[in-house]
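Working notes for the structure below.
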Amino acid sequence: MHQKSLTELRAALDTKQVSALELAQHFLQRIEAARELNAFIDVNPPLTLDAARAADQRLARGERGPLLGLPVAHKDVFVTRGWKSSAGSRMLADYVSPFDATVVERLAAAGMVTLGKTNMDEFAMGSSNENSFFGPVRNPWDRNAVPGGSSGGSAAAVAAALAPVATGTDTGGSIRQPASLTGITGIKPTYGRVSRYGMIAFASSLDQGGPMARSAADCALVLGAMSGFDPRDSTSLQRDVEDYTRWLGKPWQDAGALADRPLAGLRIGLPREYFGAGLSGDVRAAIDAALRQYEELGAILVDVSLPKTELSIPVYYVIAPAEASSNLSRFDGVRYGHRAAEYRDLLDMYKKTRSEGFGAEVKRRILVGTYVLSHGYYDAYYLQAQKIRRIIAQDFQDAFEQCDMIMGPVSPSVAWNLGEKADDPLQMYLADIYTLSTSLAGLPGMSVPCGFGTGPHAARPVGLQIIGNYFNEARMLQVADAFQRVTDWHRQVPAGV
Ligand code: GLN
């Protein structure tokens, strides 16, 4: 049951092979049995089972909907009424939100049943999930490996089949990178497509929510229900809700395409900067094999260039901390969250509260962010970074003159060992090289499982990145789905699942 796709689970519900309640109970048992992975921060069976019973009642009344009665896990960065909403931080460890994030509200309205809140790097800052106040998450493929971050709990939950789908957020790669490191499929849509209302803010000009699931088809279903205009988010885009499944199974260009070459006419751009020295050999081999598969499906490969790729790291690590330093100023011990137990006066209360409530990485970002925004440094760092960000976005537009989709690796290596980079923030930041520029440009990007590492890393998955132009999500999902129809990387599961 737990290995079924959302469409298969839908059919099981509709034919009454299983009820929403039984489905929820099944996944809750799996979550309980897999506690060692530390994928969840909050599990609350009474709340889950109530929602499942309500879904069963809707079904019994004859109501139909693609997601009605299907379980979902939410990254703990989305606030949820009744559940903990900690963002992986001690600052919010006991915080219970009085309202639901728009994403949570929409999926609940579609009848999805919340299984729990997934572990994450504190305030979504990290690439390995080792920055969580609630401890690291283990990669279900290899328990000595990190699951990626910051949506590592969501990724591990889906990879270990503790949930058929989970929500994630991506500021500089946090949907794509953990999806890649755990062998699942995840999509970060165009900035502004999914409401940020109720998503605890890290870097507001970059944060974007999206689904993480087994397949592109499952992601398409859930993305449709998550996205759409929200008047409560000032950066939400005024665009109609889309059916992201509409291109699945269709040929790329026209109905005349041969059945075994459905992607004839598709031009895939390969940025030469994504295949340079920093890319490990095993990842490269898996990506090359996936690209050959795309050629067999009829696509043609073209060389493109994204010349400012290297600068995306310093640019992102100026802009994201700058925005974070501003967003995190609200955690002052006065309004909500942690407050130091003892203090002398107001200033002392702020100081103690914030030194106790935030972890090391968050403090590092606040320091960097405050520095680059301060008088005298703003022009040299922040403004300069914004200018290069503009050029990075333009580079993508130049590349899209020559191709329809861009492909490359998500991560320069497969998952690394727990603790391996934990004391070296710079090494950790370098691991984001292929995901940051997409976020800086506001473009949609996804990760599709396409193989495994070699030698001692033979059980560690590799993800292929697909980057589309603005609002091309439906087409990206079509391209990912075409690959998944002829390969079975997305169907592989870790031993014992
Ligand atoms: N790894 C990046 C960071 O640490 C991206 C995180 C994210 O996308 N939330 O900031």
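Remember, it's 1-based here, ligands and their atoms both numbered in the order they're listed.
- A ring-centre distance under 6.0 Å is not found for Y95 and F331.
- The closest approach between E361 and ligand 1 stays at or above 4.0 Å for every heavy atom of the residue.
- Residue G172 has at least one nitrogen or oxygen atom sitting less than 3.5 Å from a nitrogen or oxygen atom of ligand 1, judged on distance alone.
- Checking side-chain atoms of R143 against main-chain N and O of L37 turns up no donor-acceptor pair under 3.5 Å.
- Atoms of ligand 1 lying under 4.0 Å from any heavy atom of S150, numbered from 1 in the order shown and given with element: 9 (N).
- Listed by number with element, the atoms of ligand 1 under 4.0 Å from a non-hydrogen atom of D432 are 1 (N), 2 (C).
- Residue-ligand proximity: A320 is placed with every non-hydrogen atom at 4.0 Å or more from ligand 1.
- For Y197 and F99, the ring centers are positioned less than 6.0 Å apart.
- In the vicinity of G126, heavy-atom distances shorter than 4.0 Å reach the ligand 1 atoms 1 (N), 2 (C), 3 (C), 4 (O), 6 (C).
- The part of Y316 lying near ligand 1 is the side chain, judged by heavy-atom distances below 4.0 Å.
- Geometric assessment of R475 against the ring of W247 yields a positive cation-pi assignment under the 6.0 Å and 45° thresholds.
- Below 3.5 Å of separation, one finds no N or O of D170 facing any N or O of ligand 1.
- Contact annotation for S174 and ligand 1: heavy atoms of both the backbone and the side chain come within less than 4.0 Å of the ligand.
- I287 places a side-chain heavy atom less than 4.5 Å from the side chain of F275.
- By the neighbour-count criterion of 12 heavy atoms within 6.0 Å, atom CD of Q397 is densely surrounded, having more than that number from other residues, nucleotides or ligands.
- The closest approach between Y317 and ligand 1 falls below 4.0 Å for a heavy atom of the residue.
- T245 pairs by the side chain to side chain contact (heavy atoms under 4.5 Å, CB included) definition with A220, L221, D243, L248, not counting sequence neighbours.
- Here F123 has no heavy atoms under 4.0 Å from ligand 1, in either its backbone or its side chain.
- No salt bridge links E130 with K421; every basic N to acidic carboxylate O contact stays at or beyond 4.0 Å.
- Close N/O approach between G173 and ligand 1 is found [any backbone or side-chain N/O within under 3.5 Å].
- The distance criterion of under 3.5 Å between nitrogen or oxygen atoms is not met by K75 with respect to ligand 1.
- A salt bridge links D170 with R176; the closest basic N to acidic carboxylate O contact falls under 4.0 Å.
- Residue F202 places no N or O, backbone or side chain, under 3.5 Å from any N or O of ligand 1.
- Annotation for ligand 1: atoms under 4.0 Å from non-hydrogen atoms of A124 are 6 (C), 7 (C), 9 (N).
- Each of H74, M120, K117, K75 was checked for a side-chain contact (heavy atoms from CB on, under 4.5 Å) with S154, and the lone residue meeting it is K75.
- Proximity of M120 to ligand 1, defined as any heavy-atom pair under 4.0 Å, is not found for any part of the residue.
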